[in-house]
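Notes to accompany the following structure.
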Amino acid sequence: TLCGSPALMDFILMVKNTSFMFITGPAAIKAVTQEETTNQSLGGSSVHCQKSGVADLEAENDEHCIERVKTLLSYLPSNCFEKPLRIPPQDDPWRLCPNLEQIVPAERKKVYDVHLVIDEIVDKGSFFEIKPDFARNMVTGFARMDGQVVGIVANQPRVLGGTIDINASDKGARFIQILDAYNIPIVTLMDTPAFLPGVGQEYGGIIRHGAKMLYAYSEATVPTVTIILRKAYGGGWSAMAPKELGIDLVFAWPTAECASMGPEGAAEVIWAKEIASAPDPQEARKRFVEEYDRNFANPYLAAALRVVDDVIHPAETRRRIVQALRMLENKERP
């Protein structure tokens, strides 16, 4: 058993059935609170990799753990004053990704697995996920693009609709700070409707935790590139690397919906009186949703306001990110 020192490390790996972490052990807990527990259920690898988020990776055994450490270190520089080792590209940097249009549905209510998007745009087989079993609505990990190490931060629509909750905020913010500390460019894939609503989230301090994401991005000095895949609404937009936080380049797909809130909610607020007084409120609501969708829930108004640098074809995503990273390679910001 260990005290608080593991949390001071950059990364924590645990081995199933043999690794344990807790501040006070089962005996002390029983003496103070009368709760019955065991080393495994209190502080085993599954607890810290899935529930608490204290650990970053789980290994099957010691040999597997050593292999995972080696893989992790291959993405990191020797210290914070160097850049990660760049290797000769193992994949065509200018490769188009036509499959992305099939992976990401244009309809906002349909879900997809963002891992498939990541695998398409990064160098083949290079994605190495961090905290894969904790706060699964936020995906974080290392990858290579054009042989260069990058950090990926992405919303996961398959879990909680891609909303951002307390745990996802902490997970994303810490990883962004790690990337900034080790001079690793940040690639963000945005598709989120908002922060997760709920009494539990508010009582738990979602405002305080969510602010960590904004602070981490605004503090980062490394190259930053954001791709808006689909939803970019309100507070979710603010948290996932928008232009306003000093992001270097922000690209959007034609399917992107950049607005203060979703069309359904916006129509209820903007045209509340008109909907209530209409002979057929349901039909009026539908008409106003379509009007908002047509006029505001698209990337072109955002581009006109210069918060989106370019609207790009999904198949060109990898190519445009590689171009951006090459352009930003010598970026220096003290």
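One-based numbering along the sequence shown. It should be emphasised that the depicted structure is a prediction, and the values quoted were computed from it without experimental measurement.
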Salt-bridge test for Arg144 and Asp91: reply yes if a basic N is under 4.0 Å from a carboxylate O, no otherwise.
no
State whether the side chain of Arg319 and the backbone N or O of Trp94 hold a donor-acceptor pair below 3.5 Å, judged by distance alone.
yes
From OG1 (Thr37) to CG (Leu42), nearest 0.5 Å
4.5 Å
Counting C-beta onward and ignoring hydrogens, is there a side-chain heavy-atom pair between Tyr112 and Pro105 closer than 4.5 Å?
yes
In this structure, would Trp253 and Phe251 fall into the same cluster of hydrophobic residues linked by side-chain contacts under 4.5 Å?
yes
Evaluate the side-chain contact (heavy atoms from CB on, under 4.5 Å) criterion for residues Gln323 and Arg326: first the C-alpha distance (whole Å), next the side-chain angles of each, then the deciding distance (0.1 Å), finally the verdict.
CA-CA 5 Å; Gln323 287 176 336; Arg326 289 190 177 188; 5.9 Å; no
Please say whether more than 12 non-hydrogen atoms of neighbouring residues, nucleotides or ligands are located less than 6.0 Å from CZ in Arg136.
no
Find the distance between CD (Glu316) and CG (Leu100) and round it off to the nearest 0.5 Å.
11.5 Å
If every non-hydrogen atom of Ser169 is compared with every non-hydrogen atom of Ile164, which pair is closest and at what distance?
OG-CG2, 3.4 Å
Taking NZ in Lys51 as the centre, count heavy atoms belonging to other residues, nucleotides or ligands within less than 6.0 Å. Is the count above 12?
no
Sole candidate of Thr224, Asp180, Thr188 that passes side-chain hydrogen bond (donor to acceptor under 3.5 Å, both in side chains) when paired with Tyr217:
Thr188
Heavy-atom nearest pair, Ala143 first then Ile152, reads CB-CG1, 4.2 Å
Going by heavy atoms in the side chains, are Val104 and Val117 under 4.5 Å from each other?
yes
Where do Pro93 and Asp146 come nearest, in terms of heavy atoms and distance?
CB-OD1, 3.6 Å
At their closest point, which heavy atom of Ile12 faces which heavy atom of Ala7, and how far apart are they?
CD1-N, 4.0 Å
Verify the distance criterion only: is there a donor paired with an acceptor across the side chains of Asn155 and Asn137 at less than 3.5 Å?
no
Could you tell me the separation between the CZ atom of Phe20 and the OG atom of Ser45, rounded to the nearest 0.5 Å?
8.0 Å
Correct closest heavy-atom pair for Ile228 and Cys258 would be CD1-SG, 3.9 Å
Test your reading of the model: is there a side-chain donor-acceptor pair from Lys171 to the backbone of Met138, 3.5 Å cut-off?
yes
With respect to Lys131, which candidate in Thr140, Asn167, Asp56 satisfies the side-chain hydrogen bond (donor to acceptor under 3.5 Å, both in side chains) definition?
Asp56
Quick check: does any side chain N or O of Asn183 sit under 3.5 Å from a backbone N or O of Cys80, one acting as donor and the other as acceptor?
yes
What about Ile186 and Val225, same hydrophobic cluster or not, with Ile/Leu/Val/Met/Phe/Trp/Tyr joined at side-chain heavy-atom distances under 4.5 Å?
no
First locate atom OG of Ser41, then atom CD of Glu36, and finally report the distance between them rounded to the nearest 0.5 Å.
10.0 Å
Just checking Gln282: does its CD atom have more than 12 heavy atoms from other residues, nucleotides or ligands closer to it than 6.0 angstrom?
no
Please determine if Asp170 and Arg174 form a salt bridge, counting it only when a charged side-chain N lies under 4.0 Å from a carboxylate O.
no
Any donor-acceptor N/O pair, Asp310 side chain to Ile312 backbone, under 3.5 Å:
no
Quick one: do Arg108 and Glu257 make a salt bridge, cutoff under 4.0 Å?
yes
For the atom pair CD1 (Ile29) and CD (Gln34), what is the distance rounded to the nearest 0.5 Å?
12.0 Å
Hey, what's the ring geometry for Phe175 with Phe142, parallel, tilted or perpendicular (30° and 60° as the breaks)?
perpendicular
What do you reckon, is CZ of Arg306 surrounded by more than 12 foreign heavy atoms closer than 6.0 Å?
no
Answer yes or no: is there a side-chain heavy-atom contact under 4.5 Å between Asn39 and Phe22?
yes
Which heavy atom in Ala259 sits nearest to a heavy atom in Trp237, and how many Å separate them?
N-CZ3, 3.6 Å
Between CE on residue Met145 and CD1 on residue Ile121, distance to nearest 0.5 Å
5.0 Å
Checking Lys124 against Asp119 for the side-chain contact (heavy atoms from CB on, under 4.5 Å) test, could you report, in this order, the C-alpha distance in whole Å, the side-chain angles of both residues, the deciding distance, and whether it holds?
CA-CA 7 Å; Lys124 291 297 183 183; Asp119 289 339; over 6 Å; no
Any ion pair linking Asp280 and Lys286 (charged N to carboxylate O, less than 4.0 Å)?
no
For residues Ile178 and Val149: do they belong to one hydrophobic cluster (side chain heavy atoms under 4.5 Å, members Ile, Leu, Val, Met, Phe, Trp, Tyr)?
yes
Does some side-chain heavy atom of Leu76 sit less than 4.5 Å from a side-chain heavy atom of Ile184?
yes
Matching residue for Glu329 among Gln148, Lys83, Arg86 - test: side-chain hydrogen bond (donor to acceptor under 3.5 Å, both in side chains)
Arg86
Answer yes or no: is there a side-chain heavy-atom contact under 4.5 Å between Met14 and Leu57?
no
Determine whether a donor-acceptor pair (N or O, by modelled atom type, separation under 3.5 Å) exists between the side chain of Glu101 and the backbone of Ala315.
no
Any donor-acceptor pair under 3.5 Å linking the side chain of Arg95 with the backbone of Asp123?
no
Identify whether Leu325 and Val250 are in the same connected component of the hydrophobic contact network (ILVMFWY, side-chain heavy atoms under 4.5 Å).
no
Distance-only donor-acceptor check, side chains Asn79 and Tyr182, under 3.5 Å
no
Are there more than 12 heavy atoms of other residues, nucleotides or ligands under 6.0 Å from atom CD1 of Ile207?
no
Do Asp133 side-chain atoms and Cys49 backbone N/O form a donor-acceptor pair below 3.5 Å?
no
Could you tell me whether a side-chain N or O of Gln90 sits under 3.5 Å from a main-chain N or O of Pro88, the two making a donor and an acceptor?
yes
Quick one: are Leu196 and Leu160 in side-chain contact, heavy atoms under 4.5 Å?
yes
Pairwise side-chain contact, Leu72 with Phe128, heavy-atom cut-off 4.5 Å (strictly under)
yes
Should Glu129 and Val139 be marked as a side-chain contact (heavy atoms from CB on, under 4.5 Å) after you check the CA-CA gap, both sets of side-chain angles, and the distance that decides it?
CA-CA 7 Å; Glu129 191 169 358; Val139 174; 3.7 Å; yes
Linking I/L/V/M/F/W/Y whenever any side-chain heavy atoms sit under 4.5 Å apart, do Val114 and Ile227 land together?
yes
Please check this pair: side chain of Arg68 against backbone of Glu58, looking for a donor-acceptor N/O pair closer than 3.5 Å.
yes
Give a yes or no answer on whether the side chain of Arg230 reaches the backbone of Met190 with a donor-acceptor pair at less than 3.5 Å.
no
Taking side chain as C-beta onward, heavy atoms only, is Asn17 less than 4.5 Å from Gln40?
yes
Salt bridge between Asp191 and Lys231, side-chain N to carboxylate O under 4.0 Å?
no
Step by step, work out the side-chain contact (heavy atoms from CB on, under 4.5 Å) result for Cys97 and Thr317.
CA-CA 7 Å; Cys97 306; Thr317 303; 5.8 Å; no
Below 4.0 angstrom, N of the basic side chain to O of the carboxylate: do Glu35 and Lys30 qualify?
no
